[in-house]
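Report on the following structure.
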Amino acid sequence: MDKRYAIGVDYGTESGRALLVDIATGEEIATHVTPYPHGVIDDALPGSGAKLGFDWALQHPDDYMEVLRRSVPEVLRASGASPDRVVGIGIDFTACTMMPLDADGTPLCLLNEWKDHPHSWVKLWKHHAAQEEASRINEAAAARGEAFLSRYGGKLSSEWMIAKAWQILNEAPEIYDRADTLMEAADWVVLQLTGALARNSCTAGYKAAWHKRDGYPSEAFFRSLDPRLADLADTKLRGPVLPLGSRAGGLTERMAGMMGLRPGTAVAVGNIDAHAMVPAVGVVSPGKLVLAMGTSTCHLLLSETEALAEGICGVAEDGIVPGYYGYEAGQPAVGDLFAWYVNEAVPDYVKRLADAEGIGVHGWLEREASKRSPGESGLIALDWWNGSRSVLMDAELGGAVVGLTLQTKPEDLYRALLEATAFGTRKIIETFADGGVAIDELYACGGLPQRNRLLMQIYADVTGREIKIAASTQTAALGAAMFGAVAAGTAAGGYDSIAEASRRMARVREESFKPIPANVRIYDRLYEAYTELHDYFGRGASEVMKKLKRIQTGQA
Ligand SMILES: Nc1ncnc2c1ncn2[C@@H]1O[C@H](COP(=O)(O)OP(=O)(O)O)[C@@H](O)[C@H]1O
Ligand SMILES: O=C(CO)[C@@H](O)[C@@H](O)COP(=O)(O)O
């Protein structure tokens, strides 16, 4: 029988990758990565050099097109697959990564008139400069007893659509007025591919407070924030919201020509990167927590019921796999935290030793830290280098390391940072359980599980649970490809459900990480210390982290 393929395009924080997959077996035939030419723009705008404010993070929309221009033709070339055999294409994206568009769907930052204004650019998920708006949204929603708030653990994040939209309105009303729509980058790329405006239920549900039955928050709520926001849902956020796996449309002639694919090839609605990974590790039923571990970690879980637990970032019906409530929690700095240490704080001698051995700084630190046993360093750290996105949901919190002495070594600190992220994950698991959301099994995917064995053993020891690892090293792109096959449907050579696609295409590795009882006992005690610090700095006993932030940003 002739082979059939799907292409998944995964848009990460620093780069995008295309993956061509055999849909009968899940075999990954070819992959290609395109680093974003402009990277993360957090200092000054390209072109004008206009300086950006504190906590800003932008991207260039043409970088997303560059991934399609380079990586898709490259996977076709490398695989030798005929475009006729590609049944569907799906994409996944970081989120909320959003931008203002004009009526033609052109990002305002690509128009001469607006290109020098920071608010016309794509705001990346980790743009944290809308915290003031987020705090006011949360106060207003709590005061009005808005039902949507409890679906987001009691707080909407500064990373999300409404806070970012309001920041644009507050700081650049002329850009807000000029924007015909505000759109997730995931939906914008689908719009480019198909010409169809089709928002997806995943980003809408998790990032724009949209609900399958109730829609967006009410006009009255938006009006209570600011009368100018009253019609936000009907104007800037308008457009159909379609369930995951829906066919947004077919590839336009122009895009098909650009990528070397067949016009009309099915294109799935967009998806969030972490959420796309769930079916790609074979998880399409409740009780299995998926840790999508990369720059950040997202924790994803399916459930038959809607429980409004404290630890969640969001719960959305059909938000991950249609037919279930999907829960999301997250830690916004994990790989990024380790990267910070390696890039900003590791002494030169470590770099020299690692270079001499040709093993890379992470590899050297992992090896040396593995020689330590739990608790030996006397250190404990809080993992909030990029704020807290779950349980506390507070972007103004910062990191901390307690127990430093003159004997502390770089590998001790590195290990303390790995452990801090594991404690943060345990805190999320326990908060879910306390809120009535059962977790029976742990699965890990993303870039980190294959890169750092010590990290995964620490996670098994700290959580006291076995951790199964995805067989695929590009789980998000694989998930996106699966949704591409579902968008095609069996009639066009794909699948009719993501559960079926997952059964055929997803696998976990034979090897898993199992807890070591002696380590579990020590980590139980260290976790008590973590919880003490977590509650002290995070629940109001000490305002010192906020005080520092106020001094840093020049507030009273
Ligand atoms: N050996 C390692 N140990 C721990 N972290 C690592 C290691 N190698 C790379 N990283 C971190 O992994 C992150 C990238 O993860 P990846 O899943 O590839 O990217 P993304 O989340 O952007 O899709 C970076 O933050 C990097 O610092
Ligand atoms: O916020 C989400 C998912 O909800 C992610 O897109 C965001 O944390 C970015 O994830 P990465 O770690 O860069 O893949």
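Keep in mind that what you see is a predicted model, and the values were worked out from it rather than measured. All ligand and atom numbering here is 1-based and tracks the order in the structure.
- Residue, atom and distance of the protein heavy atom nearest to atom 25 (O) of ligand 1 are Gly335 C, 2.9 Å.
- Side chains of Asp62 and Arg69 form a contact here, defined as non-hydrogen atoms less than 4.5 Å apart.
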Could you go through Glu411 and Arg415, starting from their C-alpha distance and side-chain angles, then the distance that decides it, and tell me whether this counts as salt bridge (Lys or Arg N to Asp or Glu O under 4.0 Å)?
CA-CA 6 Å; Glu411 55 269 33; Arg415 184 167 180 132; over 6 Å; no
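- In this structure, Ala444 and Val281 approach most closely via the heavy-atom pair O-CG1, 4.4 Å.
- Of the inter-residue distances, the one linking Ile516 atom CD1 with Lys514 atom NZ reads 11.0 Å to the nearest 0.5 angstrom.
- Interface of Ala339 with ligand 1, defined as ligand atoms under 4.0 Å from a residue heavy atom, comprises 27 (O).
- Under 4.0 Å from ligand 2, heavy atoms of Thr94 appear from its side chain as well as its backbone.
- Annotation for ligand 1: atoms under 4.0 Å from non-hydrogen atoms of Asp336 are 25 (O).
- In summary, the atoms of ligand 2 found under 4.0 Å from a heavy atom of His275, numbered by their order in the structure, are 4 (O).
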Walk me through it: do Lys549 and Glu396 pass the test salt bridge (Lys or Arg N to Asp or Glu O under 4.0 Å)?
CA-CA 7 Å; Lys549 202 79 173 205; Glu396 289 188 318; over 6 Å; no
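- Under 4.0 Å from ligand 1, the heavy atoms of Tyr414 that appear belong solely to its side chain.
- Shown in contact with Lys207 at under 4.0 Å from a heavy atom are these atoms of ligand 2, numbered in order with element: 1 (O), 2 (C), 3 (C), 4 (O).
- The shortest separation from a heavy atom of Cys298 to ligand 2 is under 4.0 Å, placing the residue in contact.
- Annotation: Trp160 is not in aromatic contact with Tyr206 [ring centroid separation under 6.0 Å not met].
- For the pair Arg453 and Phe513, the NZ or CZ position fails the cation-pi test of under 6.0 Å to the six-membered ring centre and within 45 degrees of the ring normal.
- Nearest-residue assignment for atom 10 (O) of ligand 2 (options Ala95, Gly335, Ser296; heavy-atom criterion): Ser296.
- Of all atoms in ligand 1, listed by their number and element, those nearer than 4.0 Å to a heavy atom of Asn452 are 3 (N), 4 (C).
- Classification of the Tyr530-Tyr527 ring pair by plane angle, with boundaries at 30° and 60°, yields parallel.
- Of the protein's heavy atoms, Gly447 N, 2.9 Å lies nearest to atom 17 (O) of ligand 1.
- The distance between the ring centers of Phe148 and Tyr216 does not fall below 6.0 angstrom.
- In this structure, Tyr327 and Phe432 have perpendicular ring planes: the angle between them is above 60°, well past the 30° mark.
- With a heavy-atom cut-off of 4.0 Å, Arg389 touches ligand 2 through its side chain alone.
- When each atom of ligand 1 is checked for a heavy atom of Phe338 under 4.0 Å away, the hits are 4 (C), 5 (N).
- With a heavy-atom cut-off of 4.0 Å, Ile272 touches ligand 2 through its side chain alone.
- Atom CG of residue Leu101 and atom OG1 of residue Thr181 lie 4.0 Å apart, to the nearest 0.5 angstrom.
- For ligand 1 and Leu448, the ligand atoms under 4.0 Å from any heavy atom of the residue are 4 (C), 5 (N), 6 (C), 10 (N), 11 (C), 12 (O).
- Remark: Lys207 engages Glu328 in a salt bridge, criterion side-chain N to carboxylate O under 4.0 Å.
- In terms of protein heavy-atom proximity, atom 1 (N) of ligand 1 is closest to His362 CB, 3.2 Å.
- Protein heavy atom nearest atom 15 (O) of ligand 1, with residue, atom name and distance: Arg451 NH1, 3.3 Å.
- At the top of the distance list for atom 5 (C) of ligand 2, counting protein heavy atoms only, stands Asp273 OD1, 3.5 Å.
- In terms of protein heavy-atom proximity, atom 13 (O) of ligand 2 is nearest to Thr13 OG1, 2.5 Å.
- Scanning the protein heavy atoms around atom 9 (C) of ligand 2, the nearest turns out to be Trp125 CE2, 3.3 Å.
- Atom 22 (O) of ligand 1 has its closest protein heavy atom at Thr295 OG1, 2.7 Å.
- Nearest non-hydrogen protein atom to atom 23 (O) of ligand 1 is Gly12 CA, 4.5 Å.
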Between Gln59 and Asp63, is a side-chain hydrogen bond (donor to acceptor under 3.5 Å, both in side chains) present by the stated rule, with each step listed?
CA-CA 8 Å; Gln59 283 187 329; Asp63 290 356; over 6 Å; no
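- Here's the thing with Glu328: one of its N/O atoms is less than 3.5 angstrom from an N/O atom of ligand 2.
- The NZ atom of Lys126 sits 11.0 Å away from the CG atom of Asp55 when rounded to the nearest 0.5 Å.
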